[in-house]
Amino acid sequence: MLDPHLLRNDLETVAEALARRGYPLDVEHYAALESRRKELQVHTQELQNERNTRSKSIGQAKARGEDIQPLLDQVGRLGEDLKAAEGELEGVRDALEQLHWDMPNLPDGEIPDGEDERDNQEVRRWGEPTEPGFEPRDHVDLGEQGGWMDPEAATHLSGSRFTVLVGDLARLHRALAQFMLDLHIRKHDYTEIYAPYLVLPDAMRGTGQLPKFEDDAFRVDDDPARYLIPTAEVSLTNLAADRIQEAGRMPLKFVAHTPCFRREAGSYGKDTRGMIRQHQFDKVELVQICIPGESEACHESLTGHAEAVLQALELPYRTMLLCAGDMGFAARKTYDLEVWLPGQQAYREISSCSNFADFQARRMKARWRNPETGKPELVHSINGSGLAVGRALVAVMENFQQRDGSIVVPDALRSWMGGQEVLEPGR
RNA sequence: GGAGGGGUGGCAGAGCGGUUGAAUGCACCGGUCUUGAAAACCGGCAAGGGUUUGUAGCCCUUCGUGGGUUCGAAUCCCACCCCCUCCGCCA
């Protein structure tokens, strides 16, 4: 959520910034609503003031033992007028609030212009695209030929966009998650968190998945309704919701390995092959909660923590600075990490690291006490995948495949694989 | 699922329907004292919002959430949510 003061005082600037990311803000409509709100609020508060004053004097008269009836008569239809004013004000406020919930974050000033991924900027590149010296297979061929994937079973169980992993590959998948988790805990100083996979609507609203992207999430229609998390970002970031952090304890650094659930509505026909885009996938998620002045540095460091995973796994990747039009709803600035996939002869997203500044914090009332002012102020939030486990598995398979269809286990993973060095087909 | 208890400021914890935005304690901030610190003592200290050039003043809202009664609700009524204790069930 954007700062309402900014919207009031600098609407044009906000509109221009939002236009950069393709969000059309109806300035006139907003300004009209806002001035109506002001009018109604002043009026309502005047009436409330009058009611309070009169009630107070009635109380005092009664305490003195005087006759109250004349004062009661004077109150007249004040109550009805007030009720009407309050009702109207609430209507306007709801309308404004609706707009606020739906408005995306302002892009950072240094973000490149652009509409989609074609305008993203490559910031750096690590490693060279793998040259196996033979025609590389993609992970689906490798998985099925090795007997490590059972797509028919997955479809039979759950329909499209699900995966069943078997044997050594399932173990490798687990090893990847464990390796990532341990790396972040031991080397990057994150606190491991185990958190719910089902969350209330407020949590989804806090991080920005609701109300606008209801269709992207799986909802469980219990009472109350809950949502399957589309990312652990929701659970982890909301740990700071409705709280006031002590300044000395930040940045908070959380890491969790969780499954993620996405409906992938609107992506029909996209990445239908293999396990690039699934309704259910595992992810190791990094979240930092920090004071405003440190969020840029924290964002850079978190991105580095995600990159460290790729480097440890010896996977070639590039770091992309997303253009204004390609960023997610809540982000102010985002780096995507794209890993090289020999099977696709392309770089594909494997991590997205974003700085949300105070956008999520305002939604979920996540604050810290600023020792300089003594007042609670909004924190900044940052998150990133470190990494998507399913896609990391795909990347390892494709980059470490050998001519015979076997897959070499990257050095970094071997201790999590009981020392196993190669995945041999059929096991 | 059944029975009972409870949800109040950063925390703990009072609160006859009428100057209660809320006692008190802790924490925190400032001061006195001290070589310094501690202790003691004095003072300050909720959040959000409106108006405004204003971190001044004035005003509004907020005591789990949503309704209701009333001139007036933290206090009364209704519904819901959550927490705790006991019973049942269960990994």
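For clarity, every value in this text was computed on a predicted model and none was experimentally measured. Convention: sequence-line order gives letters A, B, ...; per-chain numbering from 1. All values below were derived from every heavy atom in this structure, side-chain atoms included, with hydrogens, water molecules and symmetry-related copies excluded.
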Task: Span that lies between the C1' atom of B:U51 and that of B:G66, in whole angstrom - done: 30 Å
Open item on the list: Mind checking if A:H5 touches a base, just sugar-phosphate, or nothing, with heavy atoms under 4.0 Å?
Closed with: sugar-phosphate
Task: Phosphate OP1/OP2 of B:U51 contacted by A:K38 side-chain N/O (<4.0 Å) - done: yes
Task: Any A:N52 side-chain N or O less than 4.0 Å from OP1/OP2 of B:G72 - done: no
Task: Distance between C1' atoms of B:A12 and B:A22 (Å, rounded) - done: 16 Å
Open item on the list: Using atom C1' in both nucleotides, what's the gap between B:C84 and B:C26 to the nearest angstrom?
Closed with: 23 Å
TODO: Report the residue (A:Q41 or A:I58) whose heavy-atom-nearest nucleotide on RNA chain B is the more 5′ of the two.
DONE: A:Q41
Task: Same-atom distance (P) from B:U20 to B:G6, integer angstrom - done: 26 Å
Task: Spacing of the P atoms in B:G68 and B:C86 (rounded, Å) - done: 39 Å
- [ ] Identify, between A:K62 and A:N49, the residue whose nearest nucleotide on RNA chain B lies closer to the 5' end.
- [x] A:K62
Task: Bracket string, RNA chain B, 5' to 3' - pairs by Watson-Crick or G-U geometry under 3.5 Å, | interstrand - done: ((((((((.[[[..)..(.....]]].(((((.......))))).((((((.....)))))).[[[[[..)....]]]]])))))))....
Open item on the list: Please give the distance between the P atoms of B:U62 and B:A73 as a whole number of Å.
Closed with: 9 Å
- [ ] Verify side chain to side chain contact (heavy atoms under 4.5 Å, CB included) between A:M103 and A:L18, making sure each step is shown before the conclusion.
- [x] CA-CA 8 Å; A:M103 232 177 263; A:L18 291 179; 3.8 Å; yes
- [ ] Quote, to the nearest angstrom, the P distance that separates B:C81 from B:A38.
- [x] 50 Å
Open item on the list: At 4.0 Å (heavy atoms only), tell me whether A:R362 reaches a base, stays on the sugar-phosphate, or touches nothing.
Closed with: nothing
Task: Atom pair distance, as rounded to whole Å: CD in A:Q48 and P in B:C58 - done: 18 Å
Open item on the list: Nearest to the side chain of A:I244, heavy atoms from C-beta on, is which of B:G10, B:A47, B:C71?
Closed with: B:G10
- [ ] Select base, sugar-phosphate, or nothing to describe what A:E246 touches, counting heavy atoms under 4.0 Å on all strands.
- [x] nothing
- [ ] Look at A:R369 and B:C29 and indicate whether a side-chain polar atom (N or O) is within less than 4.0 Å of OP1 or OP2.
- [x] no
